[in-house]
Amino acid sequence: MSPAELDKLLSCVTATTDPNLLVGIRTHDDAAVYRLPSGEAVIQTVDFFTPVVDDPYTWGAIAAANSLSDIYAMNGRPLFALNIACFPKKLPMELWCEVLRGGADKAREAGVVVAGGHTVDDPEPKYGLVVTGLIDPRTMWTHEGARPGDALVLTKPLGSGIISTALRAGKISMETARPMIQVMLELNRAAAEILSHFDVHACTDITGNGLLGHAAEIARTSKVKLEMTMGKVPILELAHSLSETGPFPGGTWANREYLQAFVSYPENFAENKILLLCDAQTSGGLLAVLPENQAKEAVHKLWNAGMKWSAIIGRSLEGEGIQIIS
Ligand code: CO
Ligand code: CO
Ligand code: CO
């Protein structure tokens with residue numbers, strides 16, 4: 001669903017006034033947060049989607065990593081999950097076993113147990129998780145709180161949208177796409193753990209709305225302007241070369257259109273670069289906003305922990321919108 005369609009849909013939902021609902025639907029945050037009588041809070045999210053790779057086990061694992069990501073993006077701790085699945089009856093049962101096994105294995109890696117779920121018959125397969133966890137409201141990260149002078153840190157490279165589109169179209173092999181598959185399989189747990197030792201002012205994970213779409217949520221909610229340097233944004237080499245010819249997924253085009261008025265680009269900025277920045281991601285990295293004097297050390301720690309794609313990609317300023325510089 002495009003961000004514009006989502007806005008329209010949200011306007012149909014009556015706002016609830018439960019004081020214990022600390023983070024709800026209105027701020028487009030990554031998950032809902034509900035305060036318990038004990039003062040602790042529950043965090044919950046749901047995400048499911050159509051296959052991004054042909055291999056059922058890998059698809060299941062990527063879908064699970066993607067679903068868990070919203071919990072990490074808010075500095076929560078996932079506890080247990082439920083499968084949510086749409087499976088065509090005509091396909092062999094073994095295939096679906098592989099999808100569920102991939103999901104359960106990835107959840108186990110995160111220390112999360114898959115406790116059950118729900119499956120319906122559907123000609124178009126879809127899979128994902130409902131994830132429930134705990135979160136401390138005093139240390140949770142939302143889209144609000146970015147301040148002028150902060151730095152932007154991104155922990156994974158862009159490119160999963162265009163690469164998985166090429167993969168599904170048979171333009172490239174699973175082997176060629178392997179670096180991107182590795183990126184999608186990686187949990188955002190370690191990145192969140194490292195970032196939790198810094199004063200993160202705002203955070204989100206990069207998924208369907210693309211880097212610019214999710215950054216726009218932070219810019220709007222925090223009432224700041226975000227400036228990003230194209231040359232510093234980590235992008236997989238294969239995505240660069242595929243972007244010359246396309247095709248980009250439909251979601252990427254929808255993001256580009258929705259963000260048209262919100263983002264300004266340098267003069268003569270190439271269309272394929274715009275599309276890369278808007279590319280709809282699956283299981284992308286964290287975009288964290290933190291004080292400039294802490295950003296270098298944060299990236300250093302991320303590197304030391306093996307997250308070599310991590311980079312400072314820009315900064316937060318007074319104003320509104322997003323400014324891309326070369
Ligand atoms: Co999210
Ligand atoms: Co989500
Ligand atoms: Co977000």
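Just follow the structure's listing: the first ligand is 1, and inside any ligand the first atom is 1. Note: hydrogens, waters and symmetry copies are ignored here, and every other heavy atom, side chains too, is used.
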- [ ] Kindly give the atom name of the N, O or S atom of D30 closest to the Co ion (ligand 1).
- [x] OD1
Open item on the list: Which atom name would you report as the N, O or S atom of D205 nearest the Co ion (ligand 1)?
Closed with: OD1
N/O donor to acceptor pairs below 3.5 angstrom from side-chain atoms of residues 188-198, sequence neighbours left out:
unit_1: N188; atom_1: ND2; unit_2: S69; atom_2: OG; d: 3.0
unit_1: N188; atom_1: ND2; unit_2: G284; atom_2: O; d: 2.9
unit_1: R189; atom_1: NH1; unit_2: E109; atom_2: O; d: 3.3
unit_1: R189; atom_1: NH2; unit_2: E109; atom_2: O; d: 3.0
unit_1: E193; atom_1: OE2; unit_2: H197; atom_2: NE2; d: 3.1
unit_1: S196; atom_1: OG; unit_2: E193; atom_2: O; d: 2.6

Open item on the list: Looking only at the side chains, is there a donor atom on one of T132 and Q44 sitting less than 3.5 Å from an acceptor on the other?
Closed with: yes
- [ ] Check the side chains of D70 and T45 for a donor-acceptor pair under 3.5 angstrom, ignoring hydrogens and angles.
- [x] yes
Task: ring-ring contact (aromatic ring centres under 6.0 Å, His included) against W309, all qualifying residues, sequence neighbours excluded - done: none
Task: Atom of D70 closest to the Co ion (ligand 1), considering N, O or S atoms - done: OD1
